[in-house]
Number of protein chains: 2
Amino acid sequence: MPYLEDIMKKIEHEEIVSSRNCVMIHAMDILGGKWRLPILWKLYQNKTMRYNELKRSLVGITNIMLTRSLQSLEENGLVNRVELNQIPPKVEYSLTENCIELVPALETIYNWGRDRMIGQSE
Amino acid sequence: MPYLEDIMKKIEHEEIVSSRNCVMIHAMDILGGKWRLPILWKLYQNKTMRYNELKRSLVGITNIMLTRSLQSLEENGLVNRVELNQIPPKVEYSLTENCIELVPALETIYNWGRDRMIGQSE
DNA sequence: CGGAATCCGCTGAGATACTG
DNA sequence: CAGTATCTCAGCGGATTCCG
């Protein structure tokens with residue numbers, strides 16, 4: 001059971017977190033990098049995808065980068081990895097609940113980037 | 001005046017842009033990096049800020065990183081830089097219209113990062 | 001099929017010092 | 001006040017090869 005003291009400490013901690021820029025830095029540590037948002041975006045559009053399916057859809061990505069990015073996203077609780085024990089091997093990736101909260105941001109960023117890429121070609 | 005051929009080409013180009021992951025990669029090229037979102041976030045909260053004001057509010061940033069980040073954001077049309085010719089020098093930074101479109105994404109990412117930082121401390 | 005291991009270049013990030 | 005000029009360095013991103 002939390003005592004008043006603990007509650008006060010937690011509130012204090014929350015204020016420090018909110019007032020500093022570390023929140024955005026923390027977010028970018030997880031979401032930054034060349035391939036992370038593209039992967040999340042593909043998984044959002046297709047619900048669940050297999051490794052090579054992802055690889056084909058992300059034009060230009062290499063095995064290493066796909067593996068690393070997926071591992072990082074999994075460690076941070078953004079992506080589910082389900083390994084089906086069968087031959088041939090089959091692994092399915094999907095977004096976690098935790099990540100669904102981010103989808104509006106993905107959509108906004110995508111639309112923004114799209115408008116600006118199309119605009120540039122004029 | 002655009003001919004049918006030009007219109008078709010533009011539509012084709014738009015489809016290619018939309019279908020590929022390059023949109024997200026392009027967005028991350030501009031928004032990625034440790035300090036860019038934190039800077040945009042501060043400018044969004046305070047409307048317009050001076051150089052040293054930004055620097056003080058972004059705990060831990062160095063002159064080099066602030067200068068570089070601001071330059072990059074300005075080149076990409078996300079930030080206005082207004083230099084007032086007076087002594088002492090005064091330079092004001094603010095978000096551009098182009099960037100306002102991104103604000104919902106910033107808010108979503110901030111809230112997500114905040115929840116997750118506070119949650120981790122339990 | 002779904003990766004891991006190794007190696008490597010480039011550049012983002014920073015420390016330090018200086019300037020109009 | 002609002003930056004620049006150098007220099008350094010870790011690590012991100014990538015090419016290539018190999019594996020259960």
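All values below come from the heavy atoms of this structure, side chains included, with hydrogens, waters and symmetry mates left out. Everything quoted here is computed from the prediction, not taken from an experiment. Chain identifiers are assigned alphabetically (A, B, ...) following the order of the sequence lines, protein sequences preceding nucleic acid strands; residue numbering begins at 1 within each chain.
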Open item on the list: By nearest atom, which of the nucleotides C:dC1, C:dG3, C:dA15 is closest to the B:Thr62 side chain?
Closed with: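 For the B:Thr62 side chain, the nearest candidate turns out to be C:dA15.
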Task: Of the listed nucleotides C:dG3, D:dG3, C:dG14, the one nearest the side chain of B:Arg81 - done: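 It is D:dG3.
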Please state how far atom [atom1] in [X] lies from atom [atom2] in [N], giving the value in whole angstrom units.
| X | N | atom1 | atom2 | result |
| --- | --- | --- | --- | --- |
| A:Ile64 | C:dC8 | CD1 | P | 15 Å |
| B:Tyr51 | D:dC1 | OH | P | 12 Å |
| B:Leu58 | C:dA13 | CG | P | 14 Å |
| B:Glu92 | D:dA2 | CD | P | 9 Å |
| B:Leu54 | D:dA2 | CG | C1' | 12 Å |
| B:Ile30 | C:dG12 | CD1 | C1' | 17 Å |
| B:Lys90 | D:dG3 | NZ | C1' | 17 Å |

Short side-chain N/O contact to [N] OP1/OP2 from [X], under 4.0 Å:
| X | N | value |
| --- | --- | --- |
| B:Trp35 | C:dG12 | no |
| B:Asn63 | D:dG3 | no |
| A:Gln71 | C:dA4 | yes |
| B:Lys55 | D:dG3 | no |
| A:Tyr93 | C:dG3 | yes |
| B:Arg50 | D:dC1 | no |

Open item on the list: Salt bridge or not between A:Glu83 and A:Arg81? Use side-chain N to carboxylate O under 4.0 Å.
Closed with: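 Result for this pair is yes, salt bridge flagged.
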Open item on the list: Less than 4.5 Å apart, side chain to side chain, heavy atoms only: is that true for A:Val23 and B:Asn111?
Closed with: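 Not touching, per the 4.5 Å side-chain cut-off.
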Open item on the list: Using a heavy-atom cut-off of 4.0 Å across all strands, would you classify B:Thr67 as base, sugar-phosphate, or nothing?
Closed with: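 The residue B:Thr67 makes base contact.
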- [ ] Describe the nucleic acid contact of A:Arg36 in one word from base, sugar-phosphate, nothing, applying a heavy-atom distance below 4.0 Å.
- [x]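 Result for A:Arg36 = nothing.
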TODO: Apply side-chain contact (heavy atoms from CB on, under 4.5 Å) to A:Val103 and B:Thr108, showing your working.
DONE: CA-CA 9 Å; A:Val103 166; B:Thr108 302; over 6 Å; no
TODO: Please step through side-chain contact (heavy atoms from CB on, under 4.5 Å) for the pair B:Thr96 and B:Glu74, ending with a clear verdict.
DONE: CA-CA 9 Å; B:Thr96 64; B:Glu74 194 196 351; over 6 Å; no
TODO: Decide yes or no, distance alone: a donor-acceptor N/O pair under 3.5 angstrom between the base of D:dG14 and the side-chain of A:Arg68.
DONE: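 A donor-acceptor contact between them is present.
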- [ ] Could you say whether B:Val91 or A:Gly32 is positioned toward the 5' end of DNA chain D, judged by the nucleotide with the nearest heavy atom to each?
- [x]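 With B:Val91 and A:Gly32 compared, the 5'-side residue is B:Val91.
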Open item on the list: Can you classify the ring geometry of A:Tyr51 versus A:Tyr93 as parallel (below 30°), tilted (30 to 60°) or perpendicular (above 60°)?
Closed with: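 Taking A:Tyr93 first and then A:Tyr51, their aromatic rings sit tilted (interplane angle of 30° to 60°).
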